[in-house]
Amino acid sequence: MTDPFADAAAQRPAAPTLPADHPLLRGLNPEQLAAVTLPPVPALVLAGAGSGKTRVLTTRIAWLLATGQASPGGILAVTFTNKAAKEMLARLSAMLPLNVRGMWIGTFHGLCHRLLRAHHQSAGLPATFQILDTQDQLGAIKRVLKERRIDEDRVKPKELQWFIAGAKEDGLRPHDLSARDEDTRLKIELYRDYEAQCQREGVVDFGELMLRAYELLRDHEPLRVHYQRRFRHLLIDEFQDTNRLQYAWIKQLAGDDVGGRFVPCGNAVMAVGDDDQSIYAFRGARVGNMSDFVREFGIAAPIKLEENYRSVGHILHAANHLIDHNRQRLGKQLRTAQGQGDPLRVVELPSDFEEAQWVIDEIRHLMREDGVPAHEIALLYRSNAQSRALEGALFNAGIPYRVYGGLRFFERAEVKHALAYLRLLENPHDDTSFLRVVNFPPRGIGARTIEQLQQAAREAGCSLHDAATAVGGKGGAHLVAFVAKLDVMRERSAGRPLREIIEGVLADSGLIDHYRGEREGAERIENLQELVNAAESFVTQEGFGREAVALPLDETAAATVDADAAETGETLSPLAAFLTHAALEAGEHQAQAGQAAVQLMTVHAAKGLEFDAVFITGLEEGLFPHDNSLSSPDGLEEERRLMYVAITRARRRLYLTHAQTRMLHGQTRYHIPSRFLDELPQESVQWLSPRRARAAAGGWGAAAAPGALVQPAWGRSGLGDERPAGLAGIPAAAPPSSSPPAVSASGAEIRKGMTVFHTKFGEGRVLAIEGQGADARAQVDFRRHGTKWLALAVAKLTPVA
DNA sequence: TATTTCTGAGTTTTT
DNA sequence: CTCAGAAATA
């Protein structure tokens, strides 16, 4: 093949075909400008936190289009999350009047899905293949174990799932694996079984989407060549997070394997990433891809974006200083044109409760005195369990908050049930979906019947759907009726608009009726209604069918590539497109209190976001860095990068808190301050005591020695009766005083285990009692309001007979 | 089949 | 402690 850019590595100077004062280029700094206007050669852009990475990426695309160096169809831009892809698209269409159609901008999985739909035959998949999410995959794996009669204690389903996903991330099929021990041998066998089962059912998991698409390109030369010629410009976001397979997939589009050596075909691959923000090694991300990329694509020197537009000087200085403790780095120093700002504030507190309370007081201060809006305040923590104490304190203080993470819309049980019915309309052989709803709502098909059905299907080598008639007895009759019902639903939905299809299924399946009779059913019905709305807006806003549309093959390729359906213009049905949407875009995490809410999330979830004020909580050895990461130097370095990510989220104010004691796994644990605190530049850090020191200093607090014992001076006023009593009197080194069995308060005796009444929270059960006299407090599990600690001296608790 | 009791594990997570 | 999933029981 002719290679128009064979001398790519020479990095010729930029030769823009438009003047340098082109509106697109306005306001770019020299490094950004260099990246945006780079000639079409492979390049690595090292984009520091807050350095305008997304801007560079989108402006680059806009520049290529505006200068006629590329057409929309000739660009492929890939991200990790739908959010990032959407943002890119949004910013791009704000820059250029542009037809988004036909542009390949999306997530790795989204783009691979597109390829597989277009070439499902070549990829060996049925046209109606469905996508398994992580839950579905685990279910499918459990079925494999059951069929093999392997006890789940012998091979843990989760472990097998990890094994299979890991193998796929490395691009390995069962036959690529060799066993050293019996355990692994068995897992490989089960991996093989799992693959066969998925193939039989016409389903693919997330890893399979990537791996199939990779193999499709690898094994079908004409197809590969076609896409290589089409996508002259490849842009990869968050390159440090790519796994082996994702990098291998990109290489398929950017060159060929010649005798085991990668030879680039001259496409302009722009990899954008930051090795200092690589925090996903645990799920297969391989920072090493960056150095491989430099070597395999002959990159002379990376373009470094080191000008930070986000944070004040002290914060950047702290980030730079901390990350400097890592040995494995490409090397980068963030700088800012902003002033120094306030130094970082480090606070030590006696317990996680006091930590939460201190944070709340500070939030109040930020909101009232400094006018920081609630949604510009973020509370970060290393692990999800830590949110509890913070949430409790926020709730009691009446401050609106929003917690990231948790169940997402398309992952809710009722929504998954509805989707399973819809999937069965598309692909009746999807046994995962079949099993999910064969007896939901209950229709007299018990475990016994299902057992028989699976046996019959196994013997006949067919799907559960097709084996339904083979089961006798009452259960068999119910099965036949169920299958008939599915068939009727399918017939009824033919040619109908998506909305009607879903509404029909919700009614005909009996889901709505079933939830109508349930206690908590109202909310579930609401969610099902929301599913209809989601489908409606999907059809009108997103459109459908576009997914599978590919540009016509060029002449040479068209002659040799088999004429797969979608490639010749056939489009996906609205239902199929919507199901894909549901599988690949699980939807927003539950949006809670909307706009004016303090944001709570793990440090991982905070990546890519920024806030005026950030609290990093729980900075203790064992927690952050986490115990489990300390066994290897790499682990510790990743924790440090995580800390780096956390620090660089803050624009103006950064607080770092740690507690001497913390409730963990039901018992109080004692922690020493995180080593990361010692790795900060002391000139940018202010060690605070709570209130008292601050009050004495008349504002932002006085400096104290690192680790100085903090004497909290909580007043009784204005904190509400739900606030847990302070542990001020407890010396740091001694265990907390043991709980007395009973406490006398407001004349009545409150005991562990008894039921009590509270004027605001109603009835609850006393779970525990701690402390004595004025400090006595009780933990009460209120039916409607959850578990709370109440100071008995203040709370009005009355025993209930 | 539905509810309750028990057991065990407990970093980080998108697709 | 707290939640999820399995086993046990009505």
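What you are looking at is a predicted structure, and each value in this text was computed from that prediction instead of being measured. Here is the naming used below: chain letters follow the sequence lines, and residue numbers restart at 1 for every chain.
The aromatic ring centres of His514(A) and Phe440(A) sit less than 6.0 Å apart. Aromatic ring centres of His417(A) and Tyr515(A): separated by at least 6.0 Å. Note: Tyr247(A) and Phe239(A) meet the aromatic proximity criterion, with ring centroids under 6.0 Å apart.
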Give every donor-acceptor pair under 3.5 Å between a side-chain atom in residues 162-170 of chain A and any protein atom, sequence neighbours left out.
from, atom 1, to, atom 2, distance (Å)
Lys168(A), NZ, Asp205(A), OD1, 3.3
Lys168(A), NZ, Asp205(A), OD2, 2.8
Lys168(A), NZ, Glu208(A), OE1, 2.8

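Leu630(A) has its CG atom 13 Å from the P atom of dT11(B), to the nearest Å. Regarding His109(A), its NE2 atom lies at a distance of 13 Å from the P atom of dT14(B), rounded to whole Å. Residue Asp241(A) contributes atom CG, which lies 12 Å from atom P of dT15(B) at whole-angstrom precision. The nearest whole Å value for the distance from the CH2 atom in Trp162(A) to the C1' atom in dT11(B) is 11 Å. Nucleotide dT14(B) holds its P atom 17 Å from the CD1 atom of Ile131(A), rounded to whole Å. Between Leu116(A) atom CG and dT15(B) atom C1' there is a gap of 14 Å when expressed in whole angstrom units. Summarising the geometry, the separation between CG on Leu584(A) and P on dT13(B) is reported as 20 Å, rounded to the nearest angstrom. When the C1' atom of dT11(B) is taken as reference, atom CG of Leu664(A) falls 11 Å away, rounded to whole Å.
In this structure, Phe80(A) does not count as stacked on the base of dT14(B) under the 5.5 Å centre distance and 30° plane angle limits.
With respect to the salt-bridge test (charged N to carboxylate O, under 4.0 angstrom), the residues Arg448(A) and Glu451(A) do not qualify. No salt bridge links Lys53(A) with Asp274(A); every basic N to acidic carboxylate O contact stays at or beyond 4.0 Å.
Checking dT12(B), dG10(B), dT14(B) against every side-chain atom of His665(A), the shortest atom distance belongs to dG10(B). Closest contact between the side chain of Arg382(A) and the listed nucleotides dT15(B), dT11(B), dT13(B) involves dT11(B). Nearest to the side-chain atoms of Ser383(A) among the listed nucleotides dT13(B), dT15(B), dT11(B) stands dT11(B).
Checking Ala583(A) against Asn439(A), the closest nucleotide of DNA chain B that is more toward the 5' end is the one next to Asn439(A). Position along DNA chain B of the nearest nucleotide to Glu638(A) versus Asn82(A) favours Glu638(A) as the more 5'-ward residue.
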Please tabulate, one pair per line, each protein N/O and nucleotide N/O from nucleotides 4-10 of chain C that are separated by under 3.5 Å, including the distance.
none

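Between dT15(B) and Asn243(A), no contact under 4.0 Å exists linking OP1 or OP2 to a side-chain N or O. Residue Arg388(A) places at least one side-chain N or O closer than 4.0 Å to OP1 or OP2 of dC3(C). Using a 4.0 Å cut-off, some side-chain N or O of Thr602(A) falls inside it from OP1 or OP2 of dT13(B). Within the structure, a side-chain polar atom (N or O) of Arg408(A) is placed less than 4.0 Å from OP1 or OP2 of dT15(B).
Of all non-hydrogen atoms in Leu642(A) and His604(A), the two that sit nearest each other are CD2-CE1, 3.5 Å.
Of the C1' atoms belonging to dT12(B) and dG5(C), the separation is 23 Å, rounded to the nearest Å.
Exactly one residue among Gln660(A), Met663(A), Arg662(A) makes a side-chain contact (heavy atoms from CB on, under 4.5 Å) with Thr668(A). That residue is Met663(A).
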